[in-house]
Amino acid sequence: MTDLTAQLADQVRAATAAATPLRIEGGGTRAWYGRPVDGQPLKLADHKGVIDYDPSELVITARAGTPMAEIETLLAEHHQMLCFEPPSFGAAGTLGGAVATGLSGPRRPFTGALRDYVLGVRVLDGQGEALRFGGTVFKNVAGFDAFRLMAGAQGSLGVLLDVSLRVFPRPRVERSLAFDLSRDAGRDWIIEQMRRPLPLSGAFHDGHRLHVRLSGGEAAVASAAAEFGGEDEALDLWPQVRDLTHPAFQGSPVLWRIALPQTAPLPEFDGRLAWDWAGGVAWLAADEIDPQVWTWAARMDGHATLFRGAKGQVFQPLASPILKLHQRIKAALDPASVFNPGRMYEGL
Amino acid sequence: MMDGPALRAAEDFAHAGYPKSAAAILLCELDGAAHDVEEEIARVTALLTTSGASEVRLARDEDERKRFWAGRKGAFPAVGRIAPDYYCIDGTIPRRSLPKVLTEIGRLAESHGLGVANVFHAGDGNLHPLILYDAGKPGDMEAAEALGGAILELCVEVGGAITGEHGVGREKINQMCSQFSDAEREAFFALKRAFDPKGLLNPGKTIPTLARCAEYGHMHVHAGQVSHPHLERF
Amino acid sequence: MLDQFDARLDADFAALPPERLRAVLSPLLPKGGFVADVESLRAFESDGLAAYRSLPACVVLPETVDEVRAVLAACSELGVPVVARGAGTGLSGGALPFPGSVLLSMAKFNKILEIDPRARIARVQPGVRNLAISEAVAAMGLFYAPDPSSQIACSIGGNVAENAGGVHCLKYGLTVHNILKLEVVTIDGELMTIGSEALDSAGFDLMALMTGSEGLLGIVTEVMVKLTPLPEVARVLLACFDDVEVAAGAVATIMPPGSCPPAWR
């Protein structure tokens with residue numbers, strides 16, 4: 001339990017005064033995600049500790065440097081969990097890193113994204129001023145939702161100090177089933193199932209088979225499983241999908257994540273293709289970067305990200321008016337441009 | 001959840017089937033797969049009984065379910081029948097503060113000389129006190145406005161928010177000075193300027209100026225931390 | 001009363017003569033789309049917070065996105081404030097006219113543009129009523145989940161502006177959890193697409209910023225909403241208490257069950 005707000009604020013003020021860029025660091029497990037930042041490290045890992053957790057309020061508030069593993073263990077002790085199923089890329093991964101990168105796991109299309117569960121944040125702005133946006137209650141429409149804006153902003157808009165997250169009780173029962181269905185047939189099938197109120201919590205195609213997870217009450221899970229058939233399999237598959245350690249993501253120099261509308265056609269580029277998020281995200285393991293992927297993703301009303309093998313561009317290029325708006329938003333909160341400059345895009 | 005005054009007004013208006021002698025009622029909807037809902041009904045019934053409910057009743061059919069909700073949805077207009085005017089407040093609090101906050105609201109209402117009926121989204125802490133007043137009576141409207149402001153500041157003080165779903169708009173512009181610091185409000189203005197540099201879109205709403213907060217002059221209550229916590233303020 | 005705006009405490013703009021506004025804006029609008037006579041303006045003097053009243057300089061009722069863009073660009077050029085209005089059911093005076101402002105009514109944008117039950121989405125104009133979406137898709141076994149008490153009358157554009165919730169939001173989420181994409185016109189008349197039909201987008205989460213921004217950042221001209229499968233059954237329990245404080249204490253013990261995860265997608 002250490003509160004380093006004062007020291008961190010001093011460092012930010014000094015950086016702003018000298019216009020020195022800062023590279024915000026947590027546990028370092030997600031440093032590969034995004035463009036490299038040339039700046040002085042601003043270390044958050046020691047600014048840690050759970051500030052408040054009341055299971056009956058369904059809220060946990062912790063400092064940004066708190067290891068995610070510690071938070072998830074604490075929640076599990078009270079039969080609660082983070083519904084967005086954040087990926088883990090190493091034991092040192094922190095709450096701040098998870099929120100700043102905004103990544104959500106296989107549960108995302110069924111129970112929502114990380115940003116949906118952020119209730120409030122405390123951040124340092126470019127002046128080194130600690131600002132609180134949002135709070136610890138679910139229904140709160142006072143002021144702009146600057147707290148949700150921080151989720152996935154990769155530290156470009158401020159230094160996350162504390163975060164309040166909404167938590168939920170764990171499902172009473174979970175089961176995983178595998179099906180011999182092709183990528184396209186499996187996707188069509190899950191799209192049809194999602195029109196019904198079924199206890200689905202995961203749908204992943206590894207390139208060979210479809211895997212479906214069910215979560216909920218005993219009766220609903222049992223009746224869905226009986227109807228679906230398929231082959232029972234171990235639930236350990238899902239952490240591998242979440243953390244990208246499953247073989248479908250491995251063994252290639254380049255890994256694309258292509259988010260696309262669930263009913264858009266799947267991409268047809270060279271490489272091995274898997275999909276997660278019930279067909280809303282395609283994962284393409286390729287030997288080299290084909291820039292056509294960006295164009296194709298944009299045409300599908302989606303976007304592509306290079307999870308491995310990026311050279312320069314990592315994230316989908318933004319339309320010019322949108323990029324300008326991003327620059328104005330960054331300038332609003334970080335006028336001296338000291339927070340992770342260039343992390344998301346050149347010139348941002 | 002509705003307290004006595006709210007549920008009696010709603011019952012007279014909508015004939016929802018609420019017990020008029022109760023001090024409060026709680027409506028709890030469970031939806032999903034049929035089997036799961038059956039299990040949950042048993043679980044929640046037991047929980048409510050243990051927590052002190054004098055009676056727990058399950059809506060027999062879809063008609064009765066709709067009637068129960070019609071009473072809740074009609075609670076606002078219903079209250080319009082027990083007072084010439086009512087003013088609906090919209091704050092959010094952590095659920096654990098509810099007993100304390102209800103007591104304080106009662107005390108604040110008494111000191112402002114007005115009645116209050118309470119409607120509450122129990123699941124998420126969203127509070128809707130309905131302040132009863134008479135716009136024809138000199139000073140009543142202003143007293144209602146002042147009481148509403150005091151209730152919202154109470155919400156901030158227990159760690160909640162000045163609006164759960166109605167928005168700040170013009171109504172709660174002064175209470176934004178309680179919820180946010182000068183620097184936080186300035187950050188909102190900076191974000192607004194990124195979209196609307198001349199400040200032409202919906203001016204005078206949602207984010208108060210520094211001048212307004214200075215004039216409004218209220219202490220800044222921040223996430224339950226007040227500057228002089230030992231002082232009696234209710 | 002707060003319906004009196006204060007130039008010193010709120011905002012100050014040079015007043016424009018009404019004939020100037022008419023001369024500039026009227027040609028940009030369809031017939032009857034520019035209103036400035038006091039009797040007609042009265043219909044727009046307040047929203048659901050009826051105790052607060054104030055008159056705008058004029059009301060404009062565009063029918064196309066291009067008209068919205070032209071009106072906003074002209075207002076920006078003139079330096080005249082703009083207050084957007086949906087169905088006018090809001091309870092915080094968000095659509096209360098600022099004195100001398102142009103009140104931009106989105107009432108004519110009342111069409112459901114597309115329903116795709118397979119993708120579980122609908123594309124709607126901002127003036128469409130909240131309940132009208134659920135009614136239009138009920139036969140497909142779907143609904144639009146956020147259900148504010150005013151859902152029979154309130155518009156989806158207003159719901160986005162206020163990030164409206166509803167009785168069932170504990171399970172189904174707020175407006176921000178149930179929309180995918182917005183078409184937004186900025187004060188300079190620029191049309192921007194925010195969000196996408198995919199579940200996330202590159203860059204900052206501008207959807208989060210726009211939702212609940214109460215008409216301060218831009219004018220929403222189209223909304224893509226997510227549709228949710230109707231639950232198999234819904235049952236209601238009514239619990240009675242002899243003591244308010246006991247009831248208040250009981251509330252904190254009720255939790256979403258482990259069989260019922262949040263269902264926003």
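What you see below is based on every heavy atom in this structure, not just the backbone, and it leaves out hydrogens, waters and symmetry mates. Note on naming: letters A, B, ... go to the chains in the order of the sequence lines (proteins, then strands), and numbering restarts at 1 for each one.
With chain C as the partner, the residue from B/G4, B/A211, B/P203, B/A59 showing the most heavy-atom pairs under 4.5 Å is B/P203. Chain B forms the most heavy-atom pairs under 4.5 Å with one residue out of C/P231, C/C240, C/G93, and that residue is C/C240. Of the listed residues (C/D243, C/V80, C/D3), the greatest number of heavy-atom pairs within a distance under 4.5 Å of chain B belongs to C/V80. No other option in B/E38, B/K192, B/R170, B/R43 has as many heavy-atom pairs under 4.5 Å with chain C as B/R170. Taking B/T103, B/I207, B/I173 one by one and counting their heavy-atom pairs under 4.5 Å with chain C, the maximum is reached by B/T103. Chain C forms the most heavy-atom pairs under 4.5 Å with one residue out of B/D3, B/D90, B/L47, and that residue is B/L47. Ranked by heavy-atom pairs under 4.5 Å with chain C, the first of B/V168, B/T163, B/I25, B/L7 is B/V168. Looking only at heavy-atom pairs under 4.5 Å with chain B, the residue among C/D6, C/L230, C/V82, C/L72 that has the most is C/V82. For the options B/E165, B/R72, B/E145, B/K100, heavy-atom pairs under 4.5 Å to chain C are most numerous at B/E145. Put simply, of C/P81, C/A239, C/A247, the one with the most heavy-atom pairs under 4.5 Å next to chain B is C/A239.
Contact annotation for C/S213: neither backbone nor side-chain heavy atoms come within less than 4.5 Å of a heavy atom of chain B. Neither the backbone nor the side chain of B/F188 comes within contact range of chain C, judged by heavy atoms closer than 4.5 Å. Contacts of C/V102 with chain B are absent, with no heavy-atom separation under 4.5 Å from either backbone or side chain. In this structure, no portion of B/R67 lies under 4.5 Å from any heavy atom of chain C. Interface residue C/I219: only side-chain heavy atoms are found under 4.5 Å from chain B. Only the side chain of C/F98 has a heavy atom closer than 4.5 Å to any heavy atom of chain B. For chain C, the nearby part of B/P19 is the side chain; its heavy atoms alone come within less than 4.5 Å. Heavy atoms closer than 4.5 Å to chain B are found in the side chain of C/A11, but not in its backbone. Residue B/E64: no heavy atom, backbone or side chain, is found under 4.5 Å from chain C. For C/L217, the parts sitting under 4.5 Å from any heavy atom of chain B are the backbone and the side chain alike. Heavy-atom distances place both the backbone and the side chain of B/T45 under 4.5 Å from chain C. Neither the backbone nor the side chain of B/L210 has a heavy atom closer than 4.5 Å to any heavy atom of chain C. Contact annotation for B/F76: neither backbone nor side-chain heavy atoms come within less than 4.5 Å of a heavy atom of chain C. Contacts of B/N126 with chain C are absent, with no heavy-atom separation under 4.5 Å from either backbone or side chain. Heavy atoms of B/R193 lying under 4.5 Å from chain C are absent altogether. C/A161 does not touch chain B: none of its heavy atoms, backbone or side chain, sits under 4.5 Å away. For chain B, no part of C/L104 is nearby; none of its heavy atoms comes within less than 4.5 Å. Heavy atoms closer than 4.5 Å to chain C are found in both the backbone and the side chain of B/E55. For B/K73, the part sitting under 4.5 Å from any heavy atom of chain C is the side chain, from C-beta outward, and nothing else. For B/L30, the parts lying near chain C are the backbone and the side chain together; criterion is any non-hydrogen pair under 4.5 Å.
Between C/V244 and B/A24 the shortest heavy-atom distance is CA-CB, 4.3 Å. Shortest non-hydrogen contact noted between C/N163 and C/T175 is OD1-N, 3.3 Å. Residues C/A95 and C/A84 share a closest heavy-atom pair of CB-O, 3.9 Å. Here the closest non-hydrogen pair linking C/L216 and B/D196 is O-OD2, 3.9 Å. Between B/R212 and C/D10, the shortest heavy-atom distance links the atoms NE-OD1, 2.8 Å. Closest approach of B/C155 and B/A161 over heavy atoms only: CB-O, 3.7 Å.
A 6.0 Å sphere centred on CD of C/E77 holds no more than 12 heavy atoms belonging to other residues, nucleotides or ligands.
At distances below 3.5 Å, not a single donor-acceptor pair connects side-chain atoms of C/N178 with backbone N or O atoms of C/A145. At least one donor-acceptor pair closer than 3.5 Å links the side chain of B/R185 to the backbone N or O of B/F180. Between the side chain of B/K172 and the backbone N or O of B/G167 there is at least one donor-acceptor pair closer than 3.5 Å.
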Practice prompt. Could you please spell out the steps behind the salt bridge (Lys or Arg N to Asp or Glu O under 4.0 Å) verdict for B/R8 and B/E11?
Written response: CA-CA 5 Å; B/R8 280 185 284 279; B/E11 180 57 23; over 6 Å; no
Practice prompt. Begin from the C-alpha positions of B/D31 and C/Y172 and carry the test side chain to side chain donor-acceptor pair (under 3.5 Å) through to its verdict.
Written response: CA-CA 11 Å; B/D31 76 7; C/Y172 293 105; 2.8 Å; yes
Practice prompt. Would you check, one step at a time, whether the test side chain to side chain contact (heavy atoms under 4.5 Å, CB included) holds for C/I156 with C/N159?
Written response: CA-CA 5 Å; C/I156 197 75; C/N159 288 178; 4.0 Å; yes
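You'll find the side chain of C/L209 stays beyond 4.5 Å of the side chain of C/F204, heavy atoms only. Side-chain contact check for B/K198 versus C/I187: every heavy-atom pair is 4.5 Å or farther apart.
When only modelled atom types and interatomic distance are considered, B/E171 and B/H166 share no side-chain donor-acceptor pair under 3.5 Å. Using modelled atom types and a 3.5 Å distance limit, the side chains of B/H35 and C/E232 yield no donor-acceptor pair.
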